[in-house]
Each structure stands twice: as structure tokens, then as C-alpha cells.
Amino acid sequence: MLSINNLHVSIEDKPILRGLSLELPAGEVHAIMGPNGAGKSTLSYVLTGREGYEVTDGTVTLDGEDLLALEPNERATKGLFLSFQYPLEIPGVPAMHFLRTAMNAQRKARGEPDVGAGEFIKLARETAAALKIDFDMLKRALNVGFSGGEKKRMEIFQMAMLQPRLLILDETDSGLDIDALRIVADGVNAMRSPERSMLVITHYQRLLDYIRPDKVHVLSAGRIVATGGPELALELEREGYEKYERAAA
Amino acid sequence: MTLSAAIRTGDVAQLPGKRDEDWRWTDLRGLIRVLPPPSPEVSGEVGDGPFGPAELTIVNGRLRGDTAALVVPAGETRTVRLRFVSASEATSHGAHLAVELGEGARLTLLESHEGRAADYVADAVLTIGVGKDAALERIVLTNDDPGAVTVSTAIVTLGYGARLSQTVLAGGAKRQRIETRVEHPGHGAQVRLDGAYLLAAQRHADLTSVVTHDGVGGVTDQLAKGVVRDQARGVFQGRIVVAEGADKTDARMGHHALILSDRAEVDAKPELEIYADDVACAHGNTVGALDEDALFYIRQRGVPEPEARALLTEAFVGEVVERIEHEGAREAAAAWVAARLGG
């Protein structure tokens, strides 16, 4: 599904990713763990096409197609979804209106008809209920005045509504208490399928107790320095990143 | 120095300009060397305005029909559409209308300023009296010609317990100024003074207001928003004066503008002049570009950039539109905004 090969990325001429390679096959969940400053968020932004990140070398393909050549919205239409570490507030745009605009923009780009109002509301109600989101919250401006946990839940809600194929979860557990974490993880796990892949970016192992990865990669100083099974996450939790930071240096 | 006086006398020396502090950003004296000739009487049909068929129509400064003033007797409720139409090219005219609301009366005034010709100079003055416990909601839409010079002034006097709710939507002109002056007596009287200017090309709009709190316990809530692109220029001058003894005044003013091109300009002067001790007054003023982080967020969800920009811009102005109480006016205002944001 996702293939990253020798990716080098700089921000204002400062190299952040230095030769990152990663294969994420369809149906798998991979975790990317690493110390602060390793380039975890840079990876999520460069994959989604945020401005200010210069790719100096390497390739990224989604099902063989050059992902880096596409606009952010085109990447989304291909099924790429980022659950933001810090979801943005969108003043004046009710969550429902926002999501319907996004859904219809994606449908239009794929040559599909708009979602009907009744169908959309029914789907939103069911999805919100599963994530324990009060339906009235969807009538409020997206994320404006929402708590950290509510914002994260809204990300998963949008994800569940848009049904992307490739999910990037950037520090989705930050700001969540244990109950909210469980709800969010259940929402993510419900989306696991043989056609869908996930990249779970996290600093802590905790999230991986709830979202079990097939593989764990350690990102340090802009490269993958180790890859293993879920047990690698436990080792990192026990021993920290120090040995990998030394190895990368 | 007023445009009214200049039109009445034909003397350009009467025009307000740079030397008048309140007119330094909308300099008519420097702009107009010779006033165009007086507008002729036009008796033909002028169609419907943006709010539909009108009860009162003023064409080239002349009020049609035999009404001389708009009076809502005590206790009565009315909705009145008032149109100012400029119908002749390169001519000038002024108009005056008195509006009176008796005690406890309610009026929804749907006012439009429409250009049906090019390069006119138009002045309009409304003197408005809102009686004790009466309520006026005034919505002003402008559709002026890009070559026009227009000034519209409302002078409002409120009684105790009266309410003024105003929303001005300015589309600009070569020079366009919409000024509101309110004598606020406090004593339960409330003022909401909103506005938005949406400007493209080389249009200019100036929203100026002065609210003078003269009595105890008055409320003023002002929200103005602007969107300027191309080489347009927006001006906001809001002054709230709280006179000595006007204690317990609660006054809030907000002006926020989006500048969508390098050559567009916004000049803002929010002023609070407070001579009383026990008051709650606040003002906020921001001028900036669209939030790039928010834009990226919307695009990541699959929305193309132009639509993402339109979504944020429309939402930005939407706050002003949503505060309009009259449902039909709110819809007309939303349509007016959508047409100007290319939605």
C-alpha cells in the first residue's frame, strides 16, 4: 500500500528525515516510535503534503502512485487521512457542515454523487453514538472550545465518516484520559480491515496496548533504526530510546 | 463639511477631506474637483430591490409617492423596505428621510442602496428617533457602482429602554462611507451595531460610527468584519464615548479584517473615550490573513484550496450575518455575502 524509499526531508535547509524507508502493506498496522525531535510529525506532514517541507531525495508511493506529486486534497481523495496531533479550530464552520463539505469534495473528485442529507445525518448519528460524541456537539463550530480529548474524538469521528484507506494517527493518545483512550482505540480498531493500513505515530507505548501493531519501527534522527514486533514497544517503554539515539548519532 | 452641503450648494469647498480628522481615510475634497450636475427626476420603473418590492423608494434623491416621513405609531409593528436608487450617470443628488418610532413600536427597516448607473455622487441622511421601549432592526445592503461616490449617514436618538439592532453590509464604491451616530441614553436602552465590508478590485468602503452614552446602564455591542482583496481598501472607525456619570455602561467593540492580497489595505481606528468610573468596556481589533494551518487542515480532509479558502472566509463573515434577527433579511444578507465571495 504505502512505500517510502530513502526519504530525505528538510525544513528551511535543516535536514529532518535522512533516508527513511518503510513498507506498509495493505491490512497492516505499523507503529512508529521515537524520541522527541526524531522527525515523527515531519513524517506525517510530508506524507499529507503540508507546505514548508522540502523533499530533497527519495520517493513515496501509494499503491504505486507518486504521492508527493499530489495536492493535499488529492491525497485525501486517494484515501489518506491524518489524525492531527493538534486538531485545528475552524471558527464559524459547524462540524457537520465541515464534514459534509469534505465528504462531498472527495466524492466529487472521485466522480461520485453527493451524499444525501438524510443519509449523511443518519450515518453521523450512528458514528457519533459509537464514539460517545454528543450529537449536539456536531452542530457547533468544529473544535472551537472543545477539550483536548473531544478534539481527538472528533478526529476519529471524521476518520470513521470518511472511511480512508491509509490512516496516520499522530500522537492520538496525547491529552486522553484512560476512558477516552479506550473509546478512541475501539473506534480505530473497528476500522481495521484487510484493505486498510495504519501508521500509528506515538511517543509512548501506552496506546499500543489498545491498538495492537503488526510491526514497530524506531525512528531516531530521521531514520528507521530498528524494526520489530509489539515486544519492541515494551522494550522501549522499559529501557528508553537512549541506545537508539546513540546508534543513530 | 458634509457631502450633503456640497451637493446642496454646488460648492466643492464644503466637501469633507483630509483636514477633517474623521475623513482622512475617505478624502472627498481631494477626490472631487467639480461636482457632477444635479440628477434629473426619473419616473420609470426601477424593478425590485434585494429585499423584494419596496414600500418606500427614493430615486435620484426624490421620494416616490406622497409620504414625507416614515412613522410607526406607538405600539405598532412594521416591516418596511426602503430603497435608495441612483439611476443617472455622472450626476449628483442628496436625500433625507425622517424615521420615527413611537413608544413601544417595532420596525424592521430593510434598506438598500443601489446603483443603476455609473459614476454618480449620492448622499443619504436618515434621522431616526426610536421612542421609549421601541425597537428598530435596520439592515443595510449596498450595491453601488464601482465609479460611484456615496455617503450614507444615520443619526439615531434612542429613548429609555429602546433597542437599536443594526447590520450594515458594504460592497464599496469608488468611495463609500456609511456612518452611524447614536445618542444612547442608557436606562435599559440597547444597541447592537454590526457591519461587514467585502471589497474587491479598487473599491473603498468606510464604516464609521459614534455611540455616545449619556445615561446610566446602557449596553452597546459592536461587531464589524471586513474582507479585502485586489487593491481594495476598507476603513473602520468606531468610537464609543461614555460621558461623565454614564456609569454601569457595558460597551464592547470588535473589528476583525482579512486581507487577501498584498495590495489591499485596511485602516482601523477603534476608540473608547471613557469619562465615567464604573463601566465595563472592551475592544478588540485584528487584521490578518487566512490561517494557513486551518487551510491545510481543511485540505487534508479532501477540500480543494479555493473551496477551503471560501469556506473559511464565508465563516468569518458569517458571524455578522447570523446576528441578524429578521429571518428574511438574514437570508438576503447571506446571499449578498455569497455573491461577493464567489461562493
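To find a chain, count down the sequence lines: A is the first, B the second, and so on, and within it residues start at 1. Hydrogens, waters and symmetry mates play no part in the numbers below; they use all other heavy atoms, side chains included. What you see is a predicted model; the values in this text were computed from it and never measured.
For A:Lys78, the NZ atom is loosely surrounded, since the number of other residues' heavy atoms within 6.0 Å does not exceed 12. The environment of B:Lys248 atom NZ is sparse: at most 12 non-hydrogen atoms of other residues, nucleotides or ligands sit within 6.0 angstrom. Under a cut-off of 6.0 angstrom, the local environment of CD in B:Gln202 is sparse, with at most 12 non-hydrogen atoms contributed by other residues, nucleotides or ligands. Summarising the local packing, CZ of B:Arg263 is surrounded by 12 or fewer heavy atoms from other residues, nucleotides or ligands at distances under 6.0 Å. The environment of A:Lys108 atom NZ is sparse: at most 12 non-hydrogen atoms of other residues, nucleotides or ligands sit within 6.0 angstrom. By the 6.0 Å contact criterion, CG on A:Asp136 is enclosed, its count of non-hydrogen atoms from other residues, nucleotides or ligands being greater than 12. For CG of B:Asp278, the number of neighbouring non-hydrogen atoms (other residues, nucleotides, ligands) closer than 6.0 Å is greater than 12. Heavy-atom contacts from other residues, nucleotides or ligands closer than 6.0 Å to CZ of B:Arg323 number more than 12.
In this structure, the side chain of B:Gln300 engages the main chain of A:Leu80 through a donor-acceptor pair within 3.5 Å. Of the possible polar contacts, none joining the B:Glu319 side chain to the A:Gly92 backbone as a donor-acceptor pair under 3.5 Å is found.
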For this session: Let me see the working for B:Asp293 and A:Tyr86 under side chain to side chain contact (heavy atoms under 4.5 Å, CB included), right down to the final yes or no.
Result: CA-CA 11 Å; B:Asp293 291 337; A:Tyr86 303 107; over 6 Å; no

For this session: List the steps and the verdict of side chain to side chain contact (heavy atoms under 4.5 Å, CB included) for A:Phe98 and B:Tyr297.
Result: CA-CA 11 Å; A:Phe98 175 84; B:Tyr297 183 83; 3.7 Å; yes

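Of the listed residues (A:Asn104, A:Thr101, A:Asn73, A:Thr77), just one forms a side-chain contact (heavy atoms from CB on, under 4.5 Å) with B:Val303, and that residue is A:Thr101.
Most heavy-atom pairs under 4.5 Å with chain A, from the set B:Pro304, B:Gly318, B:Ala308, B:Gly302: that is B:Gly302. In terms of heavy-atom pairs under 4.5 Å with chain B, the best-connected choice from A:Ala76, A:Ala141, A:Pro91, A:Pro72 is A:Pro72.
Between B:Ile298 atom CD1 and A:Leu88 atom CG the span is 8.5 Å, to the nearest 0.5 Å. For the atom pair B:Arg299 CZ and A:Glu71 CD, the distance stands at 5.0 Å (nearest 0.5 Å).
Between B:Arg301 and A:Glu155, at least one side-chain N (NZ, or NE/NH1/NH2) sits under 4.0 Å from a carboxylate O, which counts as a salt bridge.
Heavy-atom distances place both the backbone and the side chain of A:Arg50 under 4.5 Å from chain B. Proximity to chain B is absent for every atom of A:Leu99, based on heavy atoms less than 4.5 angstrom apart. Both the backbone and the side chain of A:Leu82 come within less than 4.5 Å of a heavy atom in chain B. In this structure, the portion of A:Gln158 lying under 4.5 Å from any heavy atom of chain B is its side chain and not its backbone.
Heavy atoms only, all atoms of each residue included: B:Phe296 and A:Gly49 are closest at CE1-C, 3.7 Å.
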